[in-house]
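Only heavy atoms go into these numbers, but all of them, side chains included; no hydrogens, no water, no symmetry mates. A quick note: this is a predicted structure, and the numbers were derived from the prediction, not measured.
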Amino acid sequence: MQDRTLFTHDKLVISQNKIIGIVGRNGVGKTTFLNNIASIIKKKDNESYSYVQQLLENTNPISGGEKVKTALLRAFDTRSDILLLDEPSANLDEKHCKWLIQKLYKFEGIILMVSHDIAFLNLANEIWLINNNKLKVYTGNYESYIKLRKKDEEKRDQIYKNQQRQIKHLKNEIIKRKQRAYRLKKGNGKRMTNSEKKASGRTSHDGMERKMQAGAKAIEKRIVRMDLVHKVVTHKPIKFIEIHKELYLRKTILKMKNQDICINNKILINKATISLKYGNKLWLRGNNGAGKTTLVQKILRERDKFISEKIDVGYFNQDLKQINPTVSIWNNAAVGSNQPNQVIYAVLGGLGFKKINQKGQELSGGQIVRLQLAKVLLGNNQILILDEPTNYLDLDTKEALKDFLENYPGTLILISHDQEFARSVTDSELLISNKALVSPDSLIHHSSANTGELIKLRLQLDQQINSPSVSFDKIQETKNKIKKLKNIDN
């Protein structure tokens with residue numbers, strides 16, 4: 001197989017204590033890039049590295065999270081100069097994501113990290129974007145990168161518009177020259193004998209005609225030689241069609257009261273209570289193994305008990321395999337959907353599908369997961385239950401999913417460790433804590449009298465960390481105070 005150039009860049013320089021976030025759509029070569037860097041470092045005697053690769057096999061979040069954490073601990077223990085991480089937060093719950101952020105923050109060395117998690121990318125000093133077969137370096141974290149990229153796109157959009165105006169002008173000039181050549185050739189519509197042509201000096205007209213044709217061809221070549229600027233792609237919001245929306249407005253369509261959630265006779269959640277009206281969007285939170293997936297599976301298993309009549313539910317998790325291998329991507333997504341074609345195109349395009357005539361059997365594991373997600377989103381459902389839908393979605397695809405869910409008119413139950421994503425698409429939260437399903441606000445409200453002091457100390461710690469004049473010992477003292485208060489509360 002012939003090698004393919006994934007991207008080009010003149011020179012890359014990495015200084016000590018840098019955290020570099022590598023971003024780009026799936027398939028642009030981020031993992032291949034990390035593999036190549038690992039190969040280069042391996043040949044050097046004076047550099048050591050640790051590489052935590054992406055956990056690709058389908059596995060449940062509990063075992064997957066433990067495998068990732070074990071690999072990360074091993075990497076930190078080696079005290080390498082360079083740390084290479086490929087999707088380190090995949091399969092990690094909120095607790096372990098916070099743990100990893102702290103470990104990365106304290107790491108003394110170079111970190112190159114492929115991630116789709118904005119919380120991790122905001123730790124970076126530089127963002128390397130792989131796009132259109134090129135790598136571009138942006139200074140700052142992910143938030144800075146977004147602002148800088150927006151300015152780049154605005155500038156490129158203006159250059160594109162100016163170039164299009166120039167091309168239009170040149171094409172009009174081609175038409176004018178060809179029309180003048182045609183008129184000269186036809187003698188303005190008058191038939192002429194050779195003697196008449198000679199008498200009227202038409203031979204000079206023939207030279208002018210050739211000159212006009214040559215001028216037109218020269219302009220055509222000039223357009224072909226242009227380094228064309230591509231139009232900046234902008235995504236319009238997806239307008240979801242719900243033909244029965246008025247039937248469900250303001251109605252409670254899912255209700256569970258005082259239900260024990262168990263697995264193998266072990267209680268995970270005591271007396272779980274949930275009440276959702278049509279249009280409510282709930283973020284269901286909790287550490288791996290707390291019972292989130294078991295809770296939604298109980299709802300689905302006993303749906304007549306918890307869900308109103310004539311309500312359809314779409315359920316997604318990465319273990320489901322409901323794709324027809326013999327039909328196309330389009331047919332898999334569109335079968336039974338009431339959505340118009342433009343919505344189906346928008347969802348498939350947003351989830352990264354360009355060749356919609358590909359058969360299901362030709363798709364990779366990751367594509368099958370995304371197609372399954374598309375089927376759920378496009379189904380005729382009033383409730384969507386999505387269990388970790390953003391795992392292994394790139395940032396652009398995640399943005400497209402966010403757009404869909406923000407515009408989705410029905411009810412959503414979202415299980416996700418991605419806090420930024422979850423908060424942007426939901427309007428309420430329930431947290432599984434100490435075998436109880438509670439509102440995070442109620443935990444703050446009912447915690448001990450030390451809560452106020454804890455908030456104050458955390459604010460003080462943030463200020464100390466950001467101040468170059470505060471000593472490490474002072475920071476450690478504040479951390480110890482916070483730890484002591486948290487232990488009292490627990």
Side-chain angles (χ1 to χ4, degrees), residues 7 9-24 29-56 65-92 95-130 135-145 148 395 461-462 464-476 478-480:
F7 63 87
H9 190 79
D10 294 335
K11 188 178 182 181
L12 288 169
V13 178
I14 308 172
S15 56
Q16 189 66 12
N17 294 326
K18 279 269 185 174
I19 301 179
I20 294 165
I22 303 169
V23 300
K30 301 186 295 294
T31 296
T32 304
F33 184 35
L34 280 188
N35 290 337
N36 286 342
I37 290 172
S39 298
I40 292 167
I41 301 169
K42 202 172 186 178
K43 295 173 185 175
K44 295 188 175 184
D45 296 329
N46 59 338
E47 299 282 0
S48 61
Y49 77 97
S50 294
Y51 188 5
V52 179
Q53 294 177 299
Q54 186 175 340
L55 190 67
L56 291 173
E66 288 303 317
K67 286 179 182 177
V68 172
K69 188 182 177 186
T70 301
L72 288 165
L73 282 169
R74 193 181 299 121
F76 287 120
D77 286 344
T78 59
R79 300 186 183 278
S80 303
D81 302 310
I82 301 171
L83 191 58
L84 306 177
L85 304 175
D86 194 354
E87 294 296 349
S89 64
N91 293 303
L92 293 184
K95 175 184 171 184
H96 288 109
C97 281
K98 289 176 183 175
W99 165 81
L100 179 55
I101 285 172
Q102 289 297 318
K103 296 288 281 186
L104 295 177
Y105 187 76
K106 294 175 183 176
F107 182 78
E108 295 181 357
I110 294 169
I111 300 171
L112 281 91
M113 171 174 58
V114 171
S115 180
H116 300 141
D117 193 313
I118 292 172
F120 283 84
L121 292 171
N122 273 332
L123 295 172
N125 317 108
E126 284 183 0
I127 298 293
W128 292 1
L129 169 67
I130 303 173
L135 186 146
K136 182 162 185 178
V137 176
Y138 290 86
T139 302
N141 64 6
Y142 185 78
E143 286 182 10
S144 300
Y145 150 76
L148 291 169
L395 289 162
L461 179 63
D462 287 340
Q464 289 174 341
I465 288 171
N466 291 319
S467 173
S469 62
V470 178
S471 69
F472 177 80
D473 290 340
K474 194 70 178 173
I475 291 172
Q476 196 60 46
T478 306
K479 285 182 176 178
N480 290 335

Practice item. List for me each residue that meets side-chain hydrogen bond (donor to acceptor under 3.5 Å, both in side chains) alongside Y49, sequence neighbours excluded, and say none if there are none. Key: none
Check your understanding: When rounded to the nearest 0.5 angstrom, what distance separates CD1 in I19 from CG in N122?
Key -> 11.0 Å
Check your understanding: When rounded to the nearest 0.5 angstrom, what distance separates CZ in F107 from CZ in R79?
Key -> 10.0 Å
Review point. Taking side chain as C-beta onward, heavy atoms only, is M113 less than 4.5 Å from L104?
Key: yes
Practice item. Measure from the side-chain N and O atoms of N17 to the backbone N and O of G109, and report whether any donor-acceptor pair falls under 3.5 Å. Key: yes
Review point. Do W128 and L12 touch side chain to side chain, with heavy atoms closer than 4.5 Å?
Key: yes
Point to revise | By side-chain hydrogen bond (donor to acceptor under 3.5 Å, both in side chains) - contacts of N35 (at least two apart) | key: Y51
Practice item. Work out which heavy atom in V23 is nearest to a heavy atom in I127; give both atom names and the distance. Key: CG2-CG2, 3.7 Å
Exercise for review: Would you mind reporting whether K103 and L72 have side-chain heavy atoms less than 4.5 Å apart?
Suggested key: no
Review point. Which heavy-atom pair separates G24 from L129 by the least distance, and what is that distance?
Key: CA-CD1, 4.4 Å
Point to revise | Distance-minimising heavy-atom pair for S50 and T78 | key: OG-OG1, 2.6 Å
Practice item. Can you see which heavy atom on L395 is nearest to which on H116, and at what distance? Key: CD2-O, 3.3 Å
Revision key, fill the gap. Scanning both residues in full, the closest heavy-atom pair of T139 with L148 reads O-CD1, 3.6 Å
Point to revise | Pair N36-S39, side chain to side chain donor-acceptor pair (under 3.5 Å): steps then yes or no | key: CA-CA 5 Å; N36 286 342; S39 298; 5.2 Å; no
**Study point:** Side chain to side chain, I14 and L112, heavy atoms closer than 4.5 Å
**Key:** yes
Revision key, fill the gap. The side-chain hydrogen bond (donor to acceptor under 3.5 Å, both in side chains) partners of K136 (sequence neighbours excluded) come to D152
Check your understanding: Which atom pair, heavy atoms only, marks the closest approach of A71 to V52?
Key -> O-CG2, 3.8 Å
Point to revise | Partners meeting side-chain contact (heavy atoms from CB on, under 4.5 Å) with S48 (sequence neighbours left out) | key: S80, D81
**Study point:** Minimum side-chain heavy-atom gap V68-L100 below 4.5 Å
**Key:** no
Check your understanding: Roughly how far apart are I40 CD1 and E47 CD, rounded to 0.5 Å?
Key -> 12.0 Å
Review point. What residues, two or more places apart in sequence or in another chain, satisfy side-chain hydrogen bond (donor to acceptor under 3.5 Å, both in side chains) together with T32?
Key: none
Review point. Hey, what do you get for CD1 (I41) to CD1 (I82), rounding to the nearest 0.5 Å?
Key: 3.5 Å
Practice item. Starting at OG of S89, measure out to CZ of F120 and round the result to the nearest 0.5 Å. Key: 5.0 Å
Check your understanding: Can you say whether the rings of Y138 and Y145 are parallel (under 30°), tilted (30 to 60°) or perpendicular (over 60°)?
Key -> perpendicular
**Study point:** Partner set under salt bridge (charged side-chain N to carboxylate O under 4.0 Å, His left out) for K18, not counting sequence neighbours
**Key:** E126
Check your understanding: So do the side chains of I110 and Q16 get within less than 4.5 Å of each other, counting heavy atoms only?
Key -> yes
Point to revise | Backbone N/O of I22 and side chain of K30: donor-acceptor pair under 3.5 Å | key: no
Exercise for review: Quick one: pull up CG in L83 and CD1 in I20 and give me the separation to the nearest 0.5 Å.
Suggested key: 12.0 Å
